[in-house]
Number of protein chains: 2
Amino acid sequence: MPETTETTILAAAKKVFIKKGYAGARMQAIADEAGINKAMLHYYYRSKEKLFRVVFEQAMMGLIPKLDEALSGNGSVVEKLEKVVRAYVAHIQENEHLPLFVLHEIAQNRIEFIASMKSKAARFPNFPQFFMQIIQEQEAGKIRAILPVHLLLNILGMVVFPFIAKPVFCNVIEIPEADFDSLMKDRADVIVDFMKNALTP
Amino acid sequence: MPETTETTILAAAKKVFIKKGYAGARMQAIADEAGINKAMLHYYYRSKEKLFRVVFEQAMMGLIPKLDEALSGNGSVVEKLEKVVRAYVAHIQENEHLPLFVLHEIAQNRIEFIASMKSKAARFPNFPQFFMQIIQEQEAGKIRAILPVHLLLNILGMVVFPFIAKPVFCNVIEIPEADFDSLMKDRADVIVDFMKNALTP
DNA sequence: GTCTATAGCTGGATAGAC
DNA sequence: GTCTATCCAGCTATAGAC
């Protein structure tokens, strides 16, 4: 990706929006971060709203296709979920503010995102198919009974929560954030282990 | 609690702040919600910042002591965690925007909250003690090995995540929010079951 | 205590020179 | 394309009448 002014702005906007949220972000802060002038933001992206949409879309694009990559193919349910866990933990560790950003902005329903997302995303996960596979393995006695939706929520919850709760958690439990980070290095392994135990009949 | 103007304002402020976040909340919106005038907000609470602090503090007070209630006493680890799950699921179901609010605002570190919180909270959970109990039960072979911090994160993740992710989840998976809500009725049972299977040696 | 009116500022957006 | 200067709406906060 060449470093044009346009891409510099976008990178700066990502940083600021994802950290502060739409309402908390300031165009001035984005301009400063990009090392250029406020007017340029409007020259390239017209408005705060439009700039935000680009940032948000790209943020989602970094998440949704990862699910598809993990869930498609022909591994077992546990193998697929293990892929989900590892892919997300790794991705979030490199973008720590990302999940909270996405969750917060969607809760504000600033976005009617699914329509635009599904059409634009190169890959989109096939949930009905995956859920079916879960049920089949359960009927075959390979994994314990649990509604597929709940299983997915359990996994995603264990993956995502620690990162968005880090500041609260460190404060309440009183451990330094550095210690927390080093604990998180094993995070994927711990989740996979926990999941396997929970699902083994 | 008598319905004075002061309490009316606070209730309105809770509603607006928790739904929109600090940056997204408008004093006018709070005034409207309370059915009174903007000037009154300042008369009673001086500034947006000060009003926010009261709201935030009370929000945290609704969460932290619940942990203590569940973790103190003399049940087993699993029994205590089951209490945590049931208490939080119930509480969040009645305050659906609460967790995202707390997580988002703390991530913005608008709050150096632990100091003021620990001194004001009537009950504050004793984590070292609980973690010790976990280790003891593990050494006694009663539950599987897992670092106490990770275990707690797993449980809280499974509890909190579904509620904060509801809008995303419903959009991506394409199920109506009403269906999701009815799924969530069993949520506590599902988590408890999953946890027990994961922890049983 | 409660209201109306308004001050004062912040921040998104634009005009216009270069 | 990039900058400076500026407009104007929207917001917090206050003054002042009742």
Side-chain angles (χ1 to χ4, degrees), chain A residues 1-59 97 101 104-113, chain B residues 1-59 97 101 104-105 107-112:
Chain A
M1 182 159 33
E3 265 211 23
T4 66
T5 305
E6 196 173 340
T7 59
T8 308
I9 291 174
L10 188 57
K14 262 184 189 155
K15 203 163 169 180
V16 174
F17 274 131
I18 289 178
K19 189 163 176 189
K20 313 282 275 184
Y22 180 84
R26 297 288 165 257
M27 294 297 266
Q28 185 62 59
I30 296 174
D32 293 347
E33 177 71 38
I36 51 146
N37 198 280
K38 239 192 341 174
M40 297 306 295
L41 306 183
H42 290 92
Y43 178 80
Y44 281 101
Y45 293 92
R46 274 306 279 183
S47 71
K48 183 181 180 182
E49 176 73 23
K50 292 221 172 68
L51 179 52
F52 174 80
R53 297 185 103 79
V54 177
V55 170
F56 184 85
E57 220 162 71
Q58 296 202 1
H97 299 291
F101 168 72
H104 184 256
E105 296 307 328
I106 288 185
Q108 301 300 316
N109 70 1
R110 219 178 299 289
I111 311 281
E112 29 20 68
F113 75 103
Chain B
M1 184 160 32
E3 265 210 24
T4 67
T5 304
E6 197 175 338
T7 59
T8 308
I9 290 174
L10 188 57
K14 262 183 190 157
K15 203 163 168 180
V16 175
F17 274 131
I18 289 179
K19 190 163 175 190
K20 312 282 274 184
Y22 180 84
R26 297 288 164 255
M27 294 297 265
Q28 185 61 60
I30 296 173
D32 293 349
E33 177 70 38
I36 51 144
N37 196 279
K38 240 193 336 175
M40 297 307 295
L41 306 183
H42 289 93
Y43 178 80
Y44 282 101
Y45 293 92
R46 243 357 244 180
S47 70
K48 182 182 180 182
E49 176 73 22
K50 291 221 172 67
L51 179 51
F52 175 80
R53 296 186 104 80
V54 177
V55 170
F56 184 85
E57 219 162 73
Q58 296 202 1
H97 300 289
F101 167 72
H104 184 255
E105 296 307 328
Q108 301 301 315
N109 69 3
R110 219 180 298 290
I111 311 282
E112 31 19 70

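Chain naming here is simple, since letters A, B, ... match the order of the sequence lines and numbering starts at 1 in each. These figures come from a predicted structure and were not determined experimentally.
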Please tabulate the protein-to-nucleotide N/O contacts below 3.5 Å involving nucleotides 7-12 of chain C, giving atom names and distances.
from	atom 1	to	atom 2	distance (Å)
C:dG11	OP1	A:Arg26	NE	2.9
C:dG12	OP1	A:Ala25	O	3.4
C:dG12	OP1	A:Met27	N	3.4
C:dG12	OP1	A:Lys48	NZ	3.4
C:dG12	OP2	A:Met27	N	2.9
C:dG12	N7	A:Lys38	NZ	3.2

Within the sub-3.5 Å range, which N or O atoms of nucleotides 15-18 of chain C have a protein N or O partner, and how far apart are they?
none

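For the pair A:Lys50/A:Val54, no side-chain contact is recorded, criterion being any heavy-atom separation below 4.5 Å from C-beta on. Counting heavy atoms from C-beta on, the side chains of A:Leu51 and A:Tyr44 never come closer than 4.5 Å.
The side chain of B:Thr5 sits closest to C:dT2 out of C:dC3, C:dT2, D:dT2.
Enclosure of atom CD in A:Glu3 is not indicated, since only 12 or fewer non-hydrogen atoms of other residues, nucleotides or ligands lie within 6.0 angstrom.
With respect to A:Glu49 and A:Arg53, a salt bridge is recorded, a charged nitrogen being found less than 4.0 Å from a carboxylate O.
Between A:Phe17 and A:Phe52, the ring planes are perpendicular. Angles over 60° get that label, and only those under 30° would be called parallel.
Going from atom CD of B:Glu6 over to atom C1' of C:dG1 covers 12 Å, rounded to whole Å. Atom pair B:Tyr45:OH and D:dT12:C1' shows a separation of 18 Å (rounding to whole Å applied). Distance A:Asn37 CG to C:dA13 P: 15 Å, rounded to the nearest Å. Going from atom OH of A:Tyr44 over to atom C1' of C:dT14 covers 17 Å, rounded to whole Å. Atom CD in A:Glu49 sits roughly 17 Å away from atom C1' in D:dA9 (whole-Å rounding). Here the C1' atom of nucleotide C:dG1 and the CD1 atom of B:Ile9 are 10 Å apart, to the nearest Å.
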Do any side-chain atoms of residues 25-37 of chain A form donor-acceptor pairs under 3.5 angstrom with protein atoms, and if so which ones, sequence neighbours left out?
from	atom 1	to	atom 2	distance (Å)
A:Arg26	NH1	A:Ala23	O	3.1
A:Gln28	NE2	A:Asp32	OD1	2.9
A:Glu33	OE2	A:Lys15	NZ	3.1
A:Asn37	OD1	A:Ala39	N	2.9

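Separating the NZ atom in A:Lys14 from the NE2 atom in A:His97 is a distance of 15.0 Å, to the nearest 0.5 Å.
Side chain of B:Lys48 to backbone of B:Tyr22: a donor-acceptor contact under 3.5 angstrom is found. Using a distance-only test at 3.5 Å, with no hydrogens or angles considered, a donor-acceptor pair links the side chain of A:Tyr45 to the main chain of A:Glu6.
Using a 4.0 Å heavy-atom distance criterion, A:Tyr43 is classed as a base contact.
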